[in-house]
Participant: 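Pasting in a structure now, in structure tokens, and then I'll have a few things to ask.
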Amino acid sequence: MDNNSRTVLVTGFGPFGEHTVNASWVAVQEMKKLGLGNNIDLHVYEVPVEYKKVELMVPKFLKQYQPRLVVHVGVSGMATTVTLEKCGRNHGYKGLDNSSFCPDSQCCIVGGPDCINSVIDMESVCKRVTASGLGVAVSVSKDAGRYLCDFTYYTSLYLSHGRSAFIHVPPLGKPYSGEELGRALQAIIREMLELLDQAEEKIHCQQHIH
């Protein structure tokens, strides 16, 4: 990974089940309209709700863009807040995807660790965004749900050495509009980049002290 890169990659998911319009992709498109600032090279993609497509697309994106940060966004029918996921889990994938497929191994990466945490401190991001008075409730979770969201997150964390994040959004209108979700994503991703910058400055300073 080129850590000096100002490239940010953000993905949302396509339709599945009762989510004929996936709030995650709507939110990502709204966030793209707002942008992340002139110095950020932002790329957004819609990912199909299929295990095999995720296995192909995530490594391809990371290789092509070598992003500073990858943020995946998914919808959760149970969510009422914008939810920051702390970790991805490797095992327990039994739900069939849009092509009625499920991995035989029921895991993301055979032989990979059970759980991988993001390098981003989600509690800190949550506090900072909440304090900014955005008007959208943000919370933190340790369980991304063992479906395509969790599968994508774990795969991305594994390949990016933890430099990935996952955000769950509620369905549109329950209670937030696409524009509100887009604004929330913009604020959250900016805080994540700020934290990455601070962490790297600290490492840089420590190297000079020694």
Side-chain angles (χ1 to χ4, degrees), residues 1 3 8-14 16-17 19 22 24 45 47-63 65-127 138-170 185 188-189 191-193 195-196 199-200 202-203:
M1 295 275 146
N3 293 345
V8 175
L9 175 69
V10 184
T11 71
F13 284 100
F16 74 101
H19 301 285
N22 194 316
S24 67
Y45 285 94
V47 177
V49 180
E50 295 180 35
Y51 294 105
K52 285 179 176 173
K53 292 276 173 63
V54 168
E55 285 176 338
L56 287 172
M57 290 172 89
V58 172
K60 185 180 137 199
F61 291 153
L62 292 172
K63 191 176 175 188
Y65 294 110
Q66 300 193 341
R68 177 171 182 71
L69 176 66
V70 188
V71 181
H72 304 287
V73 186
V75 67
S76 166
M78 296 178 293
T80 53
T81 62
V82 174
T83 309
L84 310 178
E85 299 292 348
K86 292 175 81 159
C87 55
R89 295 177 191 274
N90 196 12
H91 300 97
Y93 294 89
K94 298 173 185 173
L96 298 179
D97 66 12
N98 275 358
S99 58
S100 301
F101 174 81
C102 167
D104 290 340
S105 62
Q106 295 184 357
C107 76
C108 305
I109 309 279
V110 175
D114 284 346
C115 180
I116 302 177
N117 289 309
S118 174
V119 297
I120 308 274
D121 179 347
M122 298 301 174
E123 305 282 0
S124 182
V125 173
C126 183
K127 280 184 190 140
V138 182
S139 63
V140 178
S141 152
K142 291 183 186 169
D143 186 353
R146 267 9 141 271
Y147 190 48
L148 266 295
C149 291
D150 213 346
F151 187 86
T152 302
Y153 194 20
Y154 183 93
T155 304
S156 189
L157 286 166
Y158 184 86
L159 296 172
S160 70
H161 306 289
R163 197 177 278 273
S164 297
F166 198 100
I167 303 168
H168 264 123
V169 296
L185 291 185
I188 289 163
I189 296 168
E191 291 293 355
M192 288 177 174
L193 288 168
L195 284 177
L196 274 181
E200 269 150 26
K202 204 189 271 180
I203 290 164

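Small disclaimer: the values here were computed from a predicted structure and weren't measured.
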Participant: At what distance, to the nearest 0.5 angstrom, does OG of S164 lie from CG of N117?
Facilitator: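 One finds 12.5 Å between OG of S164 and CG of N117.
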Participant: Calculate, to the nearest 0.5 Å, the distance between atoms CD1 and CG belonging to I167 and L185 respectively.
Facilitator: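 Reported to 0.5 Å precision, the distance equals 5.0 Å.
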Participant: Taking the side chain as every heavy atom from C-beta outward, state whether R89 and K142 have any pair of such atoms under 4.5 Å apart.
Facilitator: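 R89 reaches K142 side chain to side chain.
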Participant: Under 4.5 Å between any side-chain heavy atoms of S124 and E191, yes or no?
Facilitator: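 No - every pair of side-chain heavy atoms lies 4.5 Å or more apart.
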Participant: With the side chain counted from C-beta on, respond yes when V169 and S76 share a heavy-atom pair under 4.5 Å apart, and no when they do not.
Facilitator: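 Sidechains of S76 and V169: no contact.
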Participant: With a 4.5 Å heavy-atom cut-off, do V73 and T11 have their side chains touching?
Facilitator: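 In short, these two side chains do not touch, never coming nearer than 4.5 Å.
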Participant: Out of curiosity, L69 CG to I189 CD1, how far, rounded to the nearest 0.5 Å?
Facilitator: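 L69 atom CG to I189 atom CD1 measures 7.0 Å (nearest 0.5 Å).
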Participant: Looking just at side-chain N and O atoms, do S156 and H72 make a donor-acceptor pair shorter than 3.5 Å?
Facilitator: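 Yes, a side-chain donor-acceptor pair sits under 3.5 Å.
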Participant: Looking at V125 and M192, what are the two nearest heavy atoms and their distance?
Facilitator: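 Looking at all heavy atoms of both residues, the shortest contact is CG2-CG, 3.9 Å.
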Participant: Can you pull out every salt bridge (Lys or Arg N to Asp or Glu O under 4.0 Å) where at least one residue sits in residues 147-161? Sequence neighbours excluded, please.
Facilitator: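 Counting only pairs at least two positions apart or across chains, the salt bridge (Lys or Arg N to Asp or Glu O under 4.0 Å) contacts touching residues 147-161 are R146-D150.
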Participant: Tell me yes or no: between the side chains of D143 and S141, is some donor less than 3.5 Å from an acceptor?
Facilitator: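 Distance-only check fails for D143 and S141.
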Participant: Which pair of non-hydrogen atoms, one from T83 and one from A79, has the smallest distance, and what is that distance?
Facilitator: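 Smallest interatomic distance, heavy atoms only, reads OG1-CB, 4.3 Å.
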Participant: Return the CD to OG1 distance between E55 and T155, rounded to the nearest 0.5 Å.
Facilitator: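 That separation rounds to 6.5 Å.
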Participant: Between V71 and L9, is a side chain to side chain contact (heavy atoms under 4.5 Å, CB included) present by the stated rule, with each step listed?
Facilitator: CA-CA 6 Å; V71 181; L9 175 69; over 6 Å; no
Participant: Output all residues satisfying ring pair (Phe, Tyr, Trp, His ring centres under 6.0 Å) with F151, sequence neighbours left out; order by chain, then residue number.
Facilitator: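 Counting only residues at least two positions away or on another chain, F151 forms a ring pair (Phe, Tyr, Trp, His ring centres under 6.0 Å) with Y51, Y93.
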Participant: Out of curiosity, I120 CD1 to L84 CG, how far, rounded to the nearest 0.5 Å?
Facilitator: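 So the gap between those two atoms works out to 10.0 Å.
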Participant: Evaluate C87 against I116 for side chain to side chain contact (heavy atoms under 4.5 Å, CB included), listing each step before the verdict.
Facilitator: CA-CA 5 Å; C87 55; I116 302 177; over 6 Å; no
Participant: Rounded to the nearest 0.5 Å, what separation is found between the OG1 atom of T152 and the CG atom of L157?
Facilitator: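 Output value for this atom pair is 10.5 Å.
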Participant: State whether the side chain of Y147 and the backbone N or O of L96 hold a donor-acceptor pair below 3.5 Å, judged by distance alone.
Facilitator: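 Such a contact is found between Y147 side chain and L96 backbone.
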Participant: Looking only at heavy atoms, which two atoms of P67 and R163 are closest? And how far apart?
Facilitator: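 Distance-wise, the nearest heavy atoms are O-CD, 4.2 Å.
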Participant: Taking the side chain as every heavy atom from C-beta outward, state whether F16 and L148 have any pair of such atoms under 4.5 Å apart.
Facilitator: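 No, side chains not in contact.
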Participant: Are L193 and V8 side-chain neighbours, meaning at least one heavy-atom pair lies under 4.5 Å?
Facilitator: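 Yes; the side chains approach each other to less than 4.5 Å.
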Participant: Any side-chain to backbone donor/acceptor pair from N90 onto G112? Under 3.5 Å, distance only.
Facilitator: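 Present.
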Participant: Flag the pair E85 / Y153 as yes when at least one side-chain heavy-atom distance between them is below 4.5 Å, and no otherwise.
Facilitator: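 Yes, close enough: below the 4.5 Å cut-off.
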Participant: Taking only Lys NZ, Arg NE, NH1 and NH2, and the carboxylate oxygens of Asp or Glu, determine whether E123 and K86 approach each other closer than 4.0 Å.
Facilitator: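 Judged by the 4.0 Å cut-off on N to carboxylate O distance, E123 and K86 do form a salt bridge.
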Participant: Could you tell me whether the side chain of T80 reaches within less than 4.5 Å of the side chain of P170, counting heavy atoms only?
Facilitator: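 No, too far: nothing below the 4.5 Å cut-off.
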Participant: Using the six-membered ring wherever Trp is involved, compare the ring planes of Y154 and Y158 and label them parallel, tilted or perpendicular (cut-offs 30° and 60°).
Facilitator: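 Parallel.
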Participant: Any side-chain donor-acceptor pair under 3.5 Å between H91 and Q106?
Facilitator: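 Result is no, nothing qualifies.
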